[in-house]
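Let me begin by presenting the structure, written as structure tokens, before commenting on it.
Values below: all heavy atoms of this structure, side chains included; hydrogens, waters and symmetry mates excluded. Just so we're on the same page: letters track the sequence lines, and every chain starts at 1.
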Amino acid sequence: MPELPEVETVRRGLAPVLVGARIRRAELRRSDLRFPFPPDFAKNLQGRLVTGLDRRAKYLVARLDDGAALIAHLGMSGAFRIETLQDAGAAPLGAFAMARSKDPTHDHVILHLEGGARVIYNDPRRFGFMTLALEAELEAHPFFTHLGVEPLSQGFDARVLARLFAGRKTLLKSALLDQKLIAGLGNIYVCEALHRSGLSPFRAAGDLVKANGAPARSAQRLARAIRDVLGEAVEAGGSSLRDHRRADGSLGYFQHRFQVYGRTGEACATPCCGGTILRQTQNGRSSFFCPKCQR
DNA sequence: ACATAGACCTGTTGGC
DNA sequence: TGCCAACAGGTCTATG
């Protein structure tokens with residue numbers, strides 16, 4: 001599923017159930033996801049109290065009471081859901097629980113919490129992964145050391161963007177997807193942010209920087225568009241295309257606000273533009289854009 | 001530095 | 001209706 005807004009939505013959904021809860025038992029239904037679980041993974045989770053749940057880029061980080069942290073990445077199709085005691089009984093289930101409970105094939109990890117709730121990780125493609133690390137060493141962890149700026153943080157603005165892009169000849173689309181530069185963007189929100197800022201995905205990243213290193217007006221527009229589109233998507237509970245659901249099973253609805261993603265052949269929504277949305281492959285990923293108003 | 005291709009997996013979709 | 005190729009929100013590696 002997951003770009004920053006979807007992961008943040010999952011975090012917000014899980015936090016009320018998970019933070020302050022103790023893990024009675026961690027059940028692994030298989031020995032690996034994208035990577036094998038580390039040795040003693042389930043054993044080390046058993047009995048731990050979850051003291052916090054954070055997000056960094058597209059990673060979830062659950063802090064535990066023994067100084068460890070559970071790191072989880074949802075890959076392309078990972079989802080968490082919560083089942084309470086009520087759900088587990090024979091009583092009528094909600095539509096979502098019904099649909100999901102029919103196919104538990106891809107329920108790979110189940111955290112049984114004290115009190116009876118269960119937090120279930122489901123991931124058909126298994127591109128996601130989980131591991132444990134010491135909280136004190138998270139910043140130095142291989143998953144985190146190379147991550148770039150958080151686009152929703154205070155520090156992210158056009159000047160930061162300009163500094164990151166200065167001198168880069170790589171395509172704007174590629175630069176925005178590079179987690180070492182900006183952490184959390186993915187294919188959908190890059191397409192949407194580029195459309196909002198009227199910039200072609202085929203521009204060179206360095207084009208957005210003036211000769212003196214200051215951000216060009218285009219960089220101002222792009223930084224603003226990134227913040228706006230991500231912020232709005234978080235507020236909307238993310239985008240539900242195939243896999244993404246909030247932890248309570250409800251759907252995000254930002255997909256209804258896409259202006260270009262998946263809209264090949266449709267009229268561009270920019271007022272007075274009159275262009276038509278195209279799809280073109282870039283670096284093996286689909287780019288959706290309007291060739292008329294994105295220059 | 002940068003682009004491209006392929007790998008990892010499974011499920012869904014679109015075209016014929 | 002059925003089949004099969006193409007494609008999917010991510011990341012990593014190898015290669016040129």
Should A/Y121 and A/L111 be marked as a side chain to side chain contact (heavy atoms under 4.5 Å, CB included) after you check the CA-CA gap, both sets of side-chain angles, and the distance that decides it? CA-CA 8 Å; A/Y121 180 72; A/L111 300 179; over 6 Å; no
Among C/dC7, B/dG11, B/dC9, the nucleotide that comes nearest once only the side chain of A/S286 is considered: C/dC7
Kindly determine whether A/Q294 and A/S200 satisfy side-chain hydrogen bond (donor to acceptor under 3.5 Å, both in side chains), including the steps that lead there. CA-CA 5 Å; A/Q294 291 182 250; A/S200 164; over 6 Å; no
Paired nucleotide for B/dA3 [Watson-Crick or G-U wobble; both distances under 3.5 Å]: C/dT15
Where do A/D228 and A/R196 come nearest, in terms of heavy atoms and distance? CB-NH1, 3.7 Å
Using a heavy-atom cut-off of 4.0 Å across all strands, would you classify A/Y189 as base, sugar-phosphate, or nothing? nothing
Evaluate side-chain hydrogen bond (donor to acceptor under 3.5 Å, both in side chains) for A/R279 paired with A/S286, printing each intermediate quantity in order. CA-CA 6 Å; A/R279 183 177 82 88; A/S286 291; 2.5 Å; yes
Presence of A/R125 side-chain N/O under 4.0 Å of C/dA8 phosphate oxygens OP1/OP2: no
Taking CG from A/L230 and C1' from C/dG9, how many angstroms apart are they, rounded to a whole number? 13 Å
Can you tell me if the side-chain N/O atoms of A/H106 get under 4.0 Å from OP1 or OP2 in B/dG11? yes
Report the distance from atom NE2 of A/H146 to atom P of C/dT11, rounded to the nearest whole Å. 15 Å
Counting only side-chain N and O atoms of A/R285, is one of them less than 4.0 Å from OP1 or OP2 of C/dA8? no
Sugar-phosphate atoms are those with a prime plus P, OP1 and OP2; base atoms are the rest. Using that split, label each nucleotide of nucleotides 1-6 of chain B B, S or - for protein heavy atoms under 4.0 Å, 5' to 3'. -SSS--
Which whole-number value in Å describes the distance from A/F35 CZ to C/dT13 C1'? 11 Å
Minimum-distance nucleotide (side-chain atoms of A/P2 versus C/dG9, C/dA8, C/dT11): C/dG9
Using atom P of each nucleotide, how far apart are C/dA6 and B/dG6 to the nearest Å? 12 Å
In this structure, how many angstroms lie between the P atom of C/dT11 and the CG atom of A/L74, rounded? 10 Å
Round to the nearest Å and state the distance from A/L241 atom CG to B/dT13 atom P. 11 Å
Taking atom types as modelled, find out whether A/Y189 and A/S239 have a side-chain donor-acceptor pair closer than 3.5 angstrom. yes
Does C/dA6 have a Watson-Crick or wobble mate here (both distances under 3.5 Å), and if so which one? B/dT12
In whole angstrom, give me the gap between the P atoms of B/dC9 and C/dC3. 26 Å
Is A/K58 near enough to C/dG10 that one of its side-chain N or O atoms lies under 4.0 angstrom from OP1 or OP2? yes
Set out, in order, the CA-CA distance, both residues' side-chain angles and the distance that settles ring-ring contact (aromatic ring centres under 6.0 Å, His included) for A/F129 and A/F143, then state yes or no. CA-CA 11 Å; A/F129 50 89; A/F143 290 146; 4.8 Å; yes
Looking for any heavy atom pair under 4.0 Å, which part of the strands does A/R34 touch: base, sugar-phosphate only, or nothing? base
Side chain to side chain contact (heavy atoms under 4.5 Å, CB included) evaluation trace for A/H108 with A/I120: CA-CA 8 Å; A/H108 303 311; A/I120 299 166; over 6 Å; no
Face-to-face stacking of A/F127 with C/dT11, centres under 5.5 angstrom, angle under 30°: no
For DNA chain C, which residues in residues 199-211 of chain A have a heavy atom at a distance below 4.0 Å? none
With a 4.0 Å cutoff (strictly under), does any side-chain N or O of A/Q179 reach OP1 or OP2 of C/dG10? no
Separation between the P atoms of B/dG14 and C/dG9, rounded to whole Å: 14 Å
For C/dT11, take OP1 and OP2 only and decide whether either is under 4.0 Å from a side-chain N or O of A/H73. yes
Have A/T51 and A/D65 got a donor and an acceptor in their side chains that come within less than 3.5 Å? no
